[in-house]
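Numbers restart at 1 for each chain; the letters A, B, ... are given by sequence-line order, proteins then strands.
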There are 2 protein chains.
Amino acid sequence: MDQRVKKKATIYDLSVLSGSSPSTVSAVLNGTWRKRRIKESTAQTILGLAELHQYTTNLQARGLRRSRSGLVGLMLPVHDNRYFSSMAQTFEGHVRSRGQCPVVVSASRDPEEERRTAETLISYSIDQLFIVGATDPDGVHEVCEPAGLRHINIDLPGAKAHSVISDNYEGARMLTEAIIRRFGNDDPLRPDELFLFGGRNDHASRERIAAFHATKKALLGADPEDGVQSSGYSPDITLRAFEAFYQRHGKLPRALFINSSINLEGLLRFMAGRPAEMFSELVVGCYDYDPFGSFLPFSVIMVRQNVEAMITKAFELIDGPTTTPQTFLIAPELIQPRSALKGPLDTLKDIA
Amino acid sequence: MDQRVKKKATIYDLSVLSGSSPSTVSAVLNGTWRKRRIKESTAQTILGLAELHQYTTNLQARGLRRSRSGLVGLMLPVHDNRYFSSMAQTFEGHVRSRGQCPVVVSASRDPEEERRTAETLISYSIDQLFIVGATDPDGVHEVCEPAGLRHINIDLPGAKAHSVISDNYEGARMLTEAIIRRFGNDDPLRPDELFLFGGRNDHASRERIAAFHATKKALLGADPEDGVQSSGYSPDITLRAFEAFYQRHGKLPRALFINSSINLEGLLRFMAGRPAEMFSELVVGCYDYDPFGSFLPFSVIMVRQNVEAMITKAFELIDGPTTTPQTFLIAPELIQPRSALKGPLDTLKDIA
DNA sequence: AGTTTCTGCACCATCGATTGTGCAAGCGAA
DNA sequence: TTCGCTTGCACAATCGATGGTGCAGAAACT
């Protein structure tokens, strides 16, 4: 009766066992049986057998037939970062609550990899794709479009699909202002004491850098040329940028605008091995929020992007009618030093 | 010629275009054509057409036929944590390099959700499943086993499949010792000044707590009863535990063993709003490594679990022959305060 | 009784790729 | 010329589920 390594039961097995046809079994199991006028008692019999034999639908077969899979994809640049991992966490919650299956993959900020990853996901007939922080969103679009795959950009905008992004300009403006105001009037910050580290040539960086420049000029009256040190999204390149700066000036600036928490890790690498006291007066503004980052032993003002709102808006758009691509800005929030905010994990219940 | 919303090309389309049979096309496209003695020129023709029409294999169909999908699953408790997200990052690298597609999902430490998630993944015919930090690994096993799905436990062990876990006892021993030794001889730590916060009734917590007790006893000569405050894997419960402690004692202990970085977030929540100076003498040992956590404004000694080694070992085992379930310990590493270590992101190239 | 309308379900093609098997044409040897 | 072997491919069943269509038998109606 109960064979050991039995293959999974199929509708055909249940069909034989119940004496009904496979199509009837199928209808019963996928819930369309009332529409197909299957007798209540027949349905119960089949459901009972399904339970008994631990039937589970082969979703690949269903996906093949329906040409949809029930999978919803999230493509991240990287996992290992609180901003993106909270994105994944939030995304999962939303997808689960819709009865679909979340699939999270990363594409390493490599345009080629991004396209390949999208291709692969498409081959599995995923239903929707959320493209987060892609280096080349429109390249991914070119892959999704012919496949008829609904997709949306998050964090970095594309021209060919709706985008939901953080209001980087306003966030960076607030942040720059907060950095500057952090210094009292007795020893105010001078324009050549505030530098931006990180960033590359993407939309977010450009906006932030523009706001940085504008705000410096507006509040400090000037903005020297060399105020921005691009160092991509790499801790190590950022480390080298700090070392080069230190080499040249013999010290770090009094105030730093750090383009992302990844770059902030670069700053830590610079600090490691150097005495903590060297940095106690430092004021850092960091785009992105990380709870531990917020408590570092110097002032760290952070900007928390509203991940929940971004994901919510993205779902709204991806389900809505297709219209001309638009970019939607979500307001981020300025976070004062030493703030431990709730995150997506707080919605999970836990036992002690 | 180039229709707009054309469906994706199939082997049947290419079959018509090339004048070959679908089976020939299939063989050419999946690389088995030499074995099937297909002429070189025929193959070239078909490959050319495939290129031209942007053919991509429908992996659901292939998966259905082969009853394997090319997907490799990673089931995490949560995404939003550096330990688990670095696990995901490392895992992705390994799976990609094997030409398969990584699928990362979280199951919220809920046994029911863990089983459901495994069921779902099985329905997609995933090839292997890596089960990380599951609350009920053996429950998941019961789901995988009948489906013939190869699986392995990581971080928390199960009895029914191989497990690769951190050497929690040794890690906690080193950590406890390091905490104690951090205090000089002129003002040594007393047994009632060192408390453990976090942990629940899982294998990792039990091992760590055991080592904590043993090491305290060995080095401090005593170990009061109330030295352990369980607070699960929740920042908020941990916060409440600290508040309760503070209520009772009017202060925090001089030294803390924090069971995981998630609990460390609970400590931050306690600190938020209270003056930083209150904690400057605090010595914290935290199981798990987080670069920002390492630089907090008090001594934070951390334990870095060797994720890379764990994943490597796990792949080795999951591909190897099936034998009696064993548990493999991977040595973790003690990390001194203010250390900024390289992580999985450092293997990615980035541009400035 | 004869006709129409429901009920309740079975039949069968289909999704796209894989793979065991069969077979004709070509070629060399006897 | 005939036998036998190789080459090069086509055929068809199959994976499991879905959904349009058709059709008996029962019920309702005239």
Side-chain angles (χ1 to χ4, degrees), chain A residues 6-47 50 53-70 120 122-127 147-148, chain B residues 6-46 49-50 53-70 120 122-127 147-148:
Chain A
K6 69 184 155 214
K7 302 270 87 185
K8 301 215 59 130
T10 70
I11 53 169
Y12 299 96
D13 301 329
L14 297 185
S15 154
V16 172
L17 292 168
S18 69
S20 304
S21 76
S23 62
T24 299
V25 174
S26 171
V28 168
L29 294 171
N30 68 31
T32 59
W33 57 280
R34 289 181 190 286
K35 202 162 53 193
R36 282 179 155 275
R37 298 194 314 249
I38 307 294
K39 225 197 308 181
E40 177 86 34
S41 65
T42 308
Q44 290 312 327
T45 309
I46 292 175
L47 288 172
H53 293 268
Q54 309 214 54
Y55 170 86
T56 57
T57 309
N58 180 322
L59 297 176
Q60 295 217 68
R62 170 182 288 174
L64 176 58
R65 185 57 230 258
R66 290 197 180 156
S67 65
R68 300 183 289 106
S69 65
T120 305
I122 287 170
S123 302
Y124 287 109
S125 307
I126 61 167
D127 300 345
Chain B
K6 68 181 155 216
K7 301 271 86 187
K8 300 214 60 130
T10 71
I11 53 169
Y12 299 97
D13 301 329
L14 297 185
S15 153
V16 172
L17 291 168
S18 68
S20 305
S21 76
S23 62
T24 299
V25 174
S26 171
V28 168
L29 293 171
N30 68 30
T32 59
W33 57 280
R34 288 182 191 287
K35 201 162 53 194
R36 283 181 155 272
R37 299 195 313 249
I38 307 294
K39 225 196 309 180
E40 176 87 33
S41 66
T42 309
Q44 291 311 326
T45 308
I46 293 174
L49 284 169
H53 292 270
Q54 308 213 53
Y55 171 85
T56 57
T57 308
N58 181 321
L59 296 176
Q60 297 219 64
R62 170 181 291 172
L64 175 57
R65 186 55 229 258
R66 291 200 180 152
S67 64
R68 299 183 291 108
S69 66
T120 306
I122 288 169
S123 303
Y124 287 109
S125 308
I126 61 167
D127 300 344

Rounded to whole Å, how long is the line connecting atom OH of Tyr12(B) with atom P of dC11(D)? 12 Å

Quick one: closest heavy-atom pair of Tyr55(A) and Ala9(A), and the distance? CD1-O, 3.3 Å

Starting at atom CD of Gln60(B), determine the distance to atom P of dA17(D), rounded to an integer number of angstrom. 13 Å

Would you confirm whether Ser20(B), through its side chain, and Ser15(B), through its main-chain N or O, come within 3.5 Å as a donor-acceptor pair? no

What's the separation between atom CG in Asn58(A) and atom CG in Leu64(A), rounded to the nearest 0.5 Å? 9.5 Å

Using whole Å, report how far CZ of Arg66(B) lies from P of dG16(D). 16 Å

Under a 4.0 Å heavy-atom cutoff, the residues of residues 33-44 of chain A touching DNA chain D are Arg36(A)

Starting from C1' on dG16(D), measure out to OH on Tyr124(B) and report it in whole angstrom. 14 Å

Without placing hydrogens or testing angles, list every side-chain donor-acceptor pair under 3.5 Å for residues 24-40 of chain B, not counting sequence neighbours.
from	atom 1	to	atom 2	distance (Å)
Thr24(B)	OG1	Ser21(B)	OG	3.1
Asn30(B)	OD1	Thr32(B)	N	3.0
Asn30(B)	OD1	Thr32(B)	OG1	2.7
Asn30(B)	ND2	Ser26(B)	O	3.3
Glu40(B)	OE2	Gln44(B)	NE2	3.2

Quick check on the helix from dA1(C)-dT30(D) to dA30(C)-dT1(D): what's the angle between its two end axes, five base pairs per end, to the nearest 10°? 60°

How close or far is atom P of dC15(C) from atom CG of Leu59(B), stated in whole angstroms? 18 Å

To the nearest 0.5 Å, atom CD1 of Ile126(A) lies from atom CD of Gln60(B) at 10.5 Å

Sorted by number, residues from residues 16-30 of chain B placing a heavy atom under 4.0 Å from DNA chain C are Ser23(B), Ser26(B), Asn30(B)

Which residues share a side chain to side chain donor-acceptor pair (under 3.5 Å) with Thr56(A), sequence neighbours left out: Lys8(A)

Just to verify, what does Leu59(A) make a side chain to side chain contact (heavy atoms under 4.5 Å, CB included) with, not counting sequence neighbours? Thr57(A), Arg62(A), Thr120(B), Ser123(B), Tyr124(B)

Does the dT14(D) base have a donor-acceptor partner in the side chain of Arg65(B) within less than 3.5 Å? yes

For the residue pair Arg68(B) and Ser125(B), establish whether any side-chain heavy-atom pair is separated by less than 4.5 Å. no

Looking only at the side chain of Tyr55(A) (C-beta and beyond, no hydrogens), which of the listed nucleotides dA17(D), dC15(C), dT18(D) gets closest? dA17(D)

So do the side chains of Thr10(A) and Leu14(A) get within less than 4.5 Å of each other, counting heavy atoms only? no

So, for Asp127(B) and Ser69(B), which heavy atoms are closest and what is the spacing to 0.1 Å? OD1-N, 3.0 Å

Mind checking if Thr57(A) touches a base, just sugar-phosphate, or nothing, with heavy atoms under 4.0 Å? sugar-phosphate

Gap between atoms NZ and C1', on Lys8(B) and dA17(C) respectively (whole Å): 15 Å

Within this structure, what is the CD1-to-C1' distance between Ile11(B) and dA10(D), rounded to whole angstrom? 13 Å

Any donor-acceptor pair under 3.5 Å linking the side chain of Ser67(B) with the backbone of Gly63(B)? no

What is the distance, rounded to the nearest whole Å, between atom CZ of Arg62(A) and atom P of dG16(C)? 18 Å

